[in-house]
Amino acid sequence: MDQVKRGFMVRYLPYARQIKRLGERLNELEKRMEGVHSPQLNGMPRGTRRYSLDDDMARYDELMMRVQSLRAEAQPIKSEILNCIDNLLEPHASAVLELRFIDDASLKDIGAELYMSPRTVSRWYNKGMDLITLPADYKPARN
């Protein structure tokens with residue numbers, strides 16, 4: 001049963017990681033587009049590919065559409081997991097599980113954020129996983 005619970009809880013993590021990765025690419029593009037200025041002519045040869053703000057704007061729009069699509073696809077899964085976490089009667093366990101399975105934080109990072117020792121975080125994680133109740137209609141994916 002522990003593996004089934006863990007399988008239920010980790011379903012959102014691939015989406016969270018992909019959204020984070022695409023968000024980082026969006027930030028890089030934003031910085032590059034903000035830094036666009038007129039070319040400097042210094043007599044040195046340049047590469048054959050010209051820098052185009054239009055290319056970056058098209059990439060930005062494409063990445064934004066991908067992020068929005070991923071968020072829309074992941075939202076029902078995220079809501080289902082958060083609903084299970086919110087029904088826990090232990091606030092510390094809820095906080096630890098949300099940071100772990102929604103924000104994709106490591107147990108060490110959770111400890112730093114919640115001002116807990118790694119051992120305490122581990123205890124609350126295990127207690128939360130023991131207390132979590134899966135939805136009645138949840139069917140584990142077959143491998």
Side-chain angles (χ1 to χ4, degrees), residues 1-40 44-143:
M1 185 61 165
D2 290 341
Q3 286 300 100
V4 173
K5 286 182 179 182
R6 189 174 188 301
F8 172 81
M9 298 297 285
V10 299
R11 295 176 307 141
Y12 176 72
L13 288 179
Y15 292 103
R17 291 173 183 151
Q18 184 72 339
I19 290 167
K20 180 180 178 183
R21 186 183 69 79
L22 292 175
E24 290 168 356
R25 288 183 59 196
L26 281 169
N27 287 337
E28 290 171 12
L29 269 174
E30 283 176 357
K31 287 178 187 174
R32 189 163 59 189
M33 290 188 309
E34 287 173 3
V36 172
H37 49 82
S38 58
Q40 295 178 352
M44 297 299 292
R46 297 178 50 100
T48 57
R49 173 112 167 101
R50 288 187 170 219
Y51 177 77
S52 170
L53 181 59
D54 291 336
D55 291 341
D56 281 346
M57 290 174 65
R59 275 191 215 104
Y60 184 85
D61 290 342
E62 178 187 336
L63 285 173
M64 281 299 293
M65 287 179 17
R66 288 172 62 193
V67 168
Q68 290 169 349
S69 173
L70 280 169
R71 284 185 177 148
E73 188 177 332
Q75 188 57 47
I77 296 168
K78 182 179 179 180
S79 294
E80 194 174 36
I81 293 167
L82 283 172
N83 188 38
C84 290
I85 291 171
D86 291 342
N87 287 326
L88 290 178
L89 298 177
E90 294 286 350
H92 292 299
S94 295
V96 168
L97 292 182
E98 184 171 345
L99 287 168
R100 178 68 195 109
F101 293 112
I102 300 300
D103 297 337
D104 195 21
S106 68
L107 295 181
K108 181 181 176 183
D109 292 340
I110 293 169
E113 185 165 331
L114 298 178
Y115 304 103
M116 295 178 181
S117 72
R119 186 169 180 189
T120 303
V121 171
S122 182
R123 272 191 245 135
W124 282 117
Y125 172 85
N126 290 328
K127 182 161 181 119
M129 290 302 287
D130 287 343
L131 294 173
I132 203 88
T133 305
L134 301 182
D137 61 345
Y138 174 66
K139 302 273 190 267
R142 302 253 176 196
N143 290 336

- Task: Provide the full list of side chain to side chain donor-acceptor pair (under 3.5 Å) pairs with a residue in residues 119-131, sequence neighbours left out, each pair given once.
- Result: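 Qualifying pairs: S117-T120.
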- Check A93 against G128 and note the closest heavy-atom contact, atom names and distance.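 Scanning both residues, the minimum pair turns out to be CB-CA, 3.7 Å.
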- Message: Can you confirm whether the side chains of Q3 and R6 place a donor and an acceptor under 3.5 Å from each other?
- Response: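 Q3 vs R6: no donor-acceptor pair found between side chains.
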Gap between atom [atom2] of [Y] and atom [atom1] of [X] - 0.5 Å precision:
X    : Y    : atom1 : atom2 : result
R32  : Y60  : CZ    : OH    : 13.5 Å
E24  : I19  : CD    : CD1   : 12.5 Å
I81  : L134 : CD1   : CG    : 10.0 Å
Q18  : E73  : CD    : CD    : 10.5 Å
K139 : D137 : NZ    : CG    : 7.0 Å
L22  : N27  : CG    : CG    : 11.0 Å

Ignoring hydrogens and geometry, is there a side-chain-to-backbone donor-acceptor pair from [X] to [Y] under 3.5 Å?
X   : Y    : value
K5  : I132 : yes
R17 : P14  : no
S94 : I85  : yes

Do [X] and [Y] have side chains that get closer than 4.5 Å, going by heavy atoms?
X   : Y    : result
E80 : F8   : yes
L82 : K78  : yes
L99 : L114 : yes

- Message: Show, in sequence, the C-alpha distance, side-chain angles and deciding distance for N87 and T133, and conclude whether the side chain to side chain contact (heavy atoms under 4.5 Å, CB included) test is met.
- Response: CA-CA 8 Å; N87 287 326; T133 305; over 6 Å; no
- Task: Assess whether side chain to side chain contact (heavy atoms under 4.5 Å, CB included) is satisfied between I110 and M116, documenting all intermediate values.
- Result: CA-CA 8 Å; I110 293 169; M116 295 178 181; 5.8 Å; no
- Message: Strictly below 4.0 Å, N to O, side chains only: are R59 and D56 in salt-bridge contact?
- Response: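 Judged by the 4.0 Å cut-off on N to carboxylate O distance, R59 and D56 do form a salt bridge.
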- Between K20 and D104, is there a side-chain N and carboxylate O pair less than 4.0 Å apart?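 D104 and K20: not salt-bridged.
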- Task: Begin with the C-alpha distance, continue with both residues' side-chain angles, and end with the deciding distance and a verdict on side chain to side chain contact (heavy atoms under 4.5 Å, CB included) for R21 and R25.
- Result: CA-CA 7 Å; R21 186 183 69 79; R25 288 183 59 196; 3.7 Å; yes
- Task: Go through F101 and M129 one step at a time and tell me if the side chain to side chain contact (heavy atoms under 4.5 Å, CB included) criterion holds.
- Result: CA-CA 11 Å; F101 293 112; M129 290 302 287; 3.8 Å; yes
Solution key, residues 63-70 side-chain donor-acceptor pairs under 3.5 Å, sequence neighbours excluded:
none

